[in-house]
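One structure is given here, and the rest of the page talks about it.
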Amino acid sequence: MTSIQLENVSKIYPDGLAAVHQLDMTIDDGELRVLLGPSGCGKSTVLRMIAGLESPTSGSIQFDGRCMNDIGPRDRDIAMAFQEHALYPQMTVAENLGFPLMVGGMHATEVARRVETVARLLHIDDALERKPSRLSGGQQQRVSLGRSVIRDPRLFLMDEPLSNLDAKLRLETRTEILRLQRRLGTTTVFVTHDQAEAMAIADRISLMRDGVVAQTGTPTELYEHPRDLFVAQFLGSPQMNVLAGTIVDSGDRLSVRVGSQTIPLTGHAIEPAVATQGRDVAIGFRPEALRREHDGDLVTSVESTEALGHEQLVHASVDAPSVSVTSNGIEVVHSHASPITAVAGSHESFNLWEPFALRIETGAIHLFDLESGRALAA
Ligand code: ADP
């Protein structure tokens, strides 16, 4: 039972690289927190500081209110899982699982009992007498997980534990980790760069960028109410469509002019727009918020379709500038054929290169300040 608090934590590596800046973070007891973000944003550094493998340059790390800065990794009572799962090749699965307990001096009967419980929990109880070389990749990963959980540590820390697995096994193992975490209720910090993985398992996600947290919240909060363009485009696949436009008052209502077209504002998008008439904005809408309608507001041209089985992706172009977030900041690309993506039913048919009109669902428009990238709040 452990909560974690990071207060004003910074990490500057000896070569001068500032990997984490003044980070404040509270992870609740029993929570599964995912640290998400592009490669190099500081996720592993945060995890390693929680583990005690790196010390913060400044700030404090507390477990249940007790400062851990001077406590070594061995005395923090944590279990770590990495992408490499180093099992002892000469030992059986049972011996691999029981090893950390034996080393800790636990009685053999108690070790055997725990090995059996954990093996059952992870569905590897029929492989206990096998050597690692005779296990599938997924079974090996489970043994490795089992070895982390068998000590019943106060924290699980996982750094991209699934990234060496093939796609199917990744899905299976992430479900397994989630099930295990729910069952044991152990506070867990899980690092990944994969937004889908984060969305699938997190209680809350802290999405990081350049050593700071861009936003923390439940997967739904981040998906539906992104605080800025970076969060909006990082979560979701295919990513949110974002075009550059200007708020205009078209008499009876407010709209956004994008290129030669005008998109009326509906629902919660209206209020922030009132204060920003005439101002340049980024207008965002997710692919699944688009419907084909013959009198839809946004006229596009279909360039290709991609079948996904239960639905299809429609890749189209629109005569308007598009917006994306790059490592250099917000980039507006002026084009008569900016790419946008819509989701459609798998049986709908589309004629390539012909214009077709889309309607954005009511309430599904996100507005951002074009300069700062911040969401325009009501
Ligand atoms: P992530 O896990 O998000 O990919 P990291 O925390 O591993 O990011 O790294 C953050 C930044 O710190 C990167 O620029 C990385 O190159 C740098 N970094 C990581 N470890 C070290 C180290 N031991 N010494 C110097 N720089 C490091």
Side-chain angles (χ1 to χ4, degrees), residues 4-27 31-61 68-69 72-74 76 78-86 141 144 148 155-165 170 173-174 177 187-217 219 222 226-237 239 325-329 373:
I4 307 170
Q5 297 83 33
L6 278 71
E7 271 178 25
N8 207 17
V9 168
S10 296
K11 176 68 185 181
I12 301 169
Y13 281 110
D15 61 3
L17 190 128
V20 174
H21 308 273
Q22 303 184 328
L23 191 73
D24 288 313
M25 187 181 285
T26 299
I27 301 170
E31 179 178 352
L32 199 172
R33 173 70 59 91
V34 173
L35 304 182
L36 173 68
S39 173
C41 71
K43 309 178 292 293
S44 295
T45 300
V46 172
L47 195 79
R48 292 169 59 80
M49 288 193 287
I50 295 173
L53 300 170
E54 295 286 352
S55 357
T57 310
S58 59
S60 83
I61 295 176
M68 302 304 282
N69 287 34
R74 283 178 191 285
R76 292 193 185 191
I78 49 170
M80 283 198 80
F82 299 94
Q83 42 184 281
E84 310 84 28
H85 37 85
Q141 188 67 358
S144 161
S148 312
L155 290 181
F156 293 147
L157 304 179
M158 305 193 180
D159 195 347
E160 303 265 4
L162 308 178
S163 56
N164 280 351
L165 304 178
R170 253 182 110 105
T173 315
R174 92 178 180 204
I177 288 177
T187 312
T188 301
V189 188
F190 185 108
V191 162
T192 181
H193 63 277
D194 179 336
Q195 60 89 27
E197 198 164 283
M199 297 278 287
I201 65 169
D203 287 316
R204 285 190 290 174
I205 296 172
S206 290
L207 175 53
M208 293 184 66
R209 184 189 190 202
D210 297 337
V212 301
V213 171
Q215 190 170 353
T216 293
L222 265 61
R227 191 181 286 166
D228 61 28
L229 268 175
F230 169 72
V231 180
Q233 289 201 317
F234 199 88
L235 290 168
S237 175
Q239 70 175 22
V325 182
T326 69
S327 49
N328 297 326

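Note that ligands are numbered from 1 as they come in the structure, with each ligand's atoms numbered from 1 the same way. Along the sequence shown, the residues carry numbers beginning at 1.
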Tell me, which protein residue and heavy-atom name are nearest [atom], and how many Å apart are they?
| atom | value |
| --- | --- |
| atom 26 (N) of ligand 1 | Tyr13 CD1, 3.3 Å |
| atom 8 (O) of ligand 1 | Gly42 N, 3.2 Å |
| atom 7 (O) of ligand 1 | Ser44 CB, 3.7 Å |
| atom 9 (O) of ligand 1 | Thr45 OG1, 3.8 Å |
| atom 12 (O) of ligand 1 | Leu17 CD2, 3.2 Å |
| atom 3 (O) of ligand 1 | Lys43 NZ, 2.9 Å |
| atom 10 (C) of ligand 1 | Gly40 O, 3.4 Å |

Sub-4.0 Å protein heavy atom near atom 16 (O) of ligand 1: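 When distances to the protein are checked, atom 16 (O) of ligand 1 has no heavy atom within 4.0 Å.
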For ligand 1, the portion of Asp15 having any non-hydrogen atom under 4.0 Å away: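 Under 4.0 Å from ligand 1, Asp15 contributes side-chain atoms alone.
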Ligand 1 contact by Ser39, heavy-atom criterion under 4.0 angstrom: yes
Min N/O separation Cys41 to ligand 1 under 3.5 Å: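 Yes, since at least one N or O of Cys41 sits under 3.5 Å from an N or O of ligand 1.
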Contact check: Glu54 vs ligand 1, nitrogen or oxygen atoms, below 3.5 angstrom: no
What I want to check is whether the side chains of [X] and [Y] have a donor and an acceptor closer together than 3.5 Å.
| X | Y | value |
| --- | --- | --- |
| Ser44 | Asp159 | yes |
| Arg33 | Ser206 | yes |
| Tyr13 | Thr57 | no |

Met25/Ile27 under side chain to side chain contact (heavy atoms under 4.5 Å, CB included): CA gap, chis, key distance, verdict: CA-CA 7 Å; Met25 187 181 285; Ile27 301 170; 4.0 Å; yes
Spacing of [atom1] belonging to [X] relative to [atom2] belonging to [Y], to within rounding of 0.5 Å:
| X | Y | atom1 | atom2 | result |
| --- | --- | --- | --- | --- |
| Gln22 | Leu6 | CD | CG | 13.0 Å |
| His193 | Phe234 | NE2 | CZ | 8.0 Å |
| Asn8 | Ser60 | CG | OG | 8.5 Å |

Test side chain to side chain donor-acceptor pair (under 3.5 Å) applied to Glu197 and Thr192, step by step: CA-CA 7 Å; Glu197 198 164 283; Thr192 181; 3.2 Å; yes
